[in-house]
Trainee: 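Once you've had a glance at the structure underneath, I'll fire off some questions.
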Amino acid sequence: MTPHDVIPEALVNAALSLDASLSRADLVFTFGETRDPTHGDYATNLALTLAPKLGQKPRAVAEAIVARLALPPAYVSKIEVAGPGFINFFLAREERAAVLARVVAAGPRYGRANGGTARGTKVNVEFVSANPTGPLHVGHGRGAALGDAIAALLEWTGHAVTREFYVNDGGAQIDKLARSLWARVQQCAGRAAEIPEGGYHGDYLKELAAAILAREGRGFADLPEEEGVSRCRAIAVQSQRAEQDADLREFGVRFDVVFSESQLYREGAIDQALAELARHGVTFERDGALWLRSTAFGDDKDRVLRKSDGTYTYLLPDIAYHRHKRERGFARAIDVWGADHHGYVPRMRAALRALGYGDDFLHVQIVQLVRVMRGGEEVRFSKRTGEFVTLRDLFQETGVDAARYFFLMRRGDAQFVFDVDLAKSQTEENPVFYVQMAHARMSGIFRVAAREPAQVTADGVDLGALTMPEEIDLLNELTAFPGLVARAADALEPHRITGYLEGLARIAHAWYHKYRVLGEVEEAARLVLARAVRQVLANGLTLLGIRAPDRM
RNA sequence: GCGCCCGUAGCUCAGGUGGAUAGAGCAGCAGCCUUCUAAGCUGUUGGUCGGAGGUUCGAAUCCUCCCGGGCGCACCA
């Protein structure tokens, strides 16, 4: 039980006792850490929001609530009504230090939710989902880090999460890839051949073509064109998928499910989706094509599902895919998409409405494209010209930890400039090193003391010895962590965790620099504090998929 | 033209779903190593929250309009 559980509960009970007509739904208020220590440790605006409903002055309501507040004995040292009607709580010293016992007891699980409303809810997080037409670039890396962290946040708050990768292995892009590869095979065999219009010019197809000829023999180039293209298609998809998987694995991202578009065709899911849309009466024919009446569901124009040439647009398999997710039992589907797809959101949402799904089923998290800076200049990349900044290039240069951290330290929907030089630097300016260094320093204390952090507990230790301002700050920060994780998960915003870690690391560095642990009269208490700080730094980093090293 | 995202210190960005005097980090300036990592710490300068209205006890946050940037508006994916 943390102050975040205890005090709000007491507030609710006190408020309800004020007036018989009040119900829990009337009590809308915030409770949280204060920014200014003179306002105590925690504050609530309950009286301010309640006053209009009761027709009384906020400060009078606040006084009435305080008078009826039933908190455990010696829980707070002071409660005051301040400003326009805030209620400020000053935690008793023993209660503040009690967080250390909670951290020690929970260990790597500190910050995970162990109860609540959405326990075990099945959530599907689909991310990266790069077409198998080439290597992963830095934008995919950002999506990978973000999707993985969002999935982790949901796991930490008790959801049953499936990490999923969708492979577009049908459609025109793959056809172009296959024909581009076939052209490279011809060129490699010494024949004149052109990369088709809109095809792929990258060197990786040259290398793949050479490998094919080496493996299959030069007769491969003599196959009839359609057979050659067909075999190139299978080889190209398989090869690109294998490379993407290898990159992702090294980047620390693992998927539970890799789902192929072709599976939807094989299972008849496309036709089923089409039939269900027809059954809902939301399709119509015009100009030889089959359309979805998406304007009836918030889209700004109707959309083609089946083109006049009989083939399907991308929308239909995508509808079938999300219907498939629903039928697999997921209560929510979170899709992490690149910014270049954001115009696609309204029609997807409209399609799911047409199927009768609630708007809370699909959440599309847009991830803005990444610009890469090195040596003060922007590094350009383009699939068209074959010039790449691949994800692999990036994390091999900066390290996986730095790359992941950088991708996560900004909101996903904000534009982002990746400073390669900063990510590589091993100084305080680099936030990931700064945070990891704080963890390493806490570890260093135990190394010098020749003690295992796990063996240091709060049992029998006088935690009242922790009285310095930095120590009070640290205790408050540690207390705030579980609530922060919950809010970050709710908002699907991992960058809140990096911000928290930098703040915690800052105080930890200041504390470390200013006070000694070993050999001081406060040693026992400070060792417990160091252990708890180390644990929470590690938990936050681990959640984000970043290592917490014991030495740098 | 329409839609979505964004505009906060010189720079890069936070700002807990409307709260108290808008915060960090870099950069700048001034300091700190016989000590568990100076791979660090301390102090300090710096603001018309793009602009104008509105909603209310209270707005960086919500609404409207305008300015400026990015992206998207296919019988492509």
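Keep in mind that this is a model prediction, so the values were computed, not measured. Here is the naming used below: chain letters follow the sequence lines, and residue numbers restart at 1 for every chain.
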Trainee: Test your reading of the model: is there a side-chain donor-acceptor pair from A:Tyr314 to the backbone of A:Asn168, 3.5 Å cut-off?
Mentor: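 Pair absent, no side-chain N/O of A:Tyr314 close to backbone of A:Asn168.
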
Trainee: OP1 or OP2 of B:rC76 sitting under 4.0 Å from any side-chain N/O of A:Lys307?
Mentor: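 For A:Lys307, the contact criterion (side-chain N or O under 4.0 Å from OP1 or OP2 of B:rC76) is met.
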
Trainee: Measure from the ring centre of A:His341 to the centre of the six-membered ring in the base of B:rA77, then say whether that distance is under 5.5 Å and the planes meet at under 30°.
Mentor: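 Yes, A:His341 stacks on the base of B:rA77, since the ring centres sit under 5.5 Å apart and the planes are within 30°.
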
Trainee: In whole angstrom, what separates A:Leu50's CG from B:rC57's P?
Mentor: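 That distance rounds to 15 Å.
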
Trainee: Just compare B:rG72, B:rC36, B:rC13 and give me whichever is closest to any side-chain atom of A:His342.
Mentor: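 Out of B:rG72, B:rC36, B:rC13, the nucleotide with an atom closest to A:His342's side chain is B:rG72.
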
Trainee: Going by ring-ring contact (aromatic ring centres under 6.0 Å, His included), name the residues that satisfy it together with A:Phe433, two or more places apart in sequence or in a different chain.
Mentor: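 Per chain and number, A:Phe433 pairs via ring-ring contact (aromatic ring centres under 6.0 Å, His included) with no residue.
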
Trainee: Nearest to the side chain of A:Thr313, heavy atoms from C-beta on, is which of B:rU37, B:rG40, B:rC75?
Mentor: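 Nearest to the side chain of A:Thr313 among the choices is B:rC75.
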
Trainee: Which is more 5' along RNA chain B, the nucleotide nearest A:Phe31 or the one nearest A:Ile445? Just name the residue.
Mentor: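 Nearest nucleotide further toward 5': that of A:Phe31.
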
Trainee: For the side chain of A:Asn45 and the base of B:rG19, is some donor closer than 3.5 Å to an acceptor across the two?
Mentor: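 Looking at the base of B:rG19, it does pair with a donor or acceptor on the side chain of A:Asn45 (distance under 3.5 Å).
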
Trainee: What's the CD1-P distance between A:Ile507 and B:rC41, to the nearest Å?
Mentor: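 My rounded result for the distance is 12 Å.
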
Trainee: To the nearest Å, how far apart are A:Ile366 CD1 and B:rG70 C1'?
Mentor: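 The answer, rounded to whole Å, is 13 Å.
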
Trainee: Show me, range against range, the stems involving RNA chain B, built from at least 3 consecutive Watson-Crick or G-U pairs below 3.5 Å.
Mentor: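 Stems for RNA chain B, defined as runs of 3 or more consecutive pairs: B:1-5 with B:69-73, B:10-13 with B:23-26, B:28-32 with B:40-44, B:50-54 with B:62-66.
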
Trainee: Near RNA chain B, under 4.0 Å by heavy atom, which residues of residues 509-531 of chain A?
Mentor: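 Within residues 509-531 of chain A, the residues near RNA chain B are A:His509, A:Ala510, A:Tyr512, A:His513, A:Tyr515, A:Arg516, A:Val517, A:Leu518.
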
Trainee: Has the side chain of A:Thr44 got a donor or acceptor atom that lies under 3.5 Å from a matching backbone atom of A:Thr30?
Mentor: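 Yes; at least one donor-acceptor contact below 3.5 Å.
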
Trainee: Between B:rG3, B:rA38, B:rA39, which nucleotide has the shortest distance from any of its atoms to the side chain of A:Arg441?
Mentor: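 Selected nucleotide: B:rA38.
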
Trainee: When you check the phosphate oxygens OP1 and OP2 of B:rA77, does a side-chain N or O of A:Tyr166 lie under 4.0 Å from one of them?
Mentor: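 For B:rA77, neither OP1 nor OP2 has a side-chain N or O of A:Tyr166 closer than 4.0 Å.
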
Trainee: Name the nucleic acid region contacted by A:Leu48, choosing base, sugar-phosphate or nothing; use a 4.0 angstrom heavy-atom cut-off, strictly under.
Mentor: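 Result for A:Leu48 = base.
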
Trainee: With ring centroids as reference points, do A:Tyr166 and A:Tyr321 lie under 6.0 angstrom apart?
Mentor: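 Ring centres of A:Tyr321 and A:Tyr166 closer than 6.0 Å.
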
Trainee: Among the candidates B:rA20, B:rA77, B:rU12, find the nucleotide nearest to the side-chain atoms of A:Ala82.
Mentor: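 Per side-chain heavy atoms of A:Ala82, the pick is B:rA20.
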
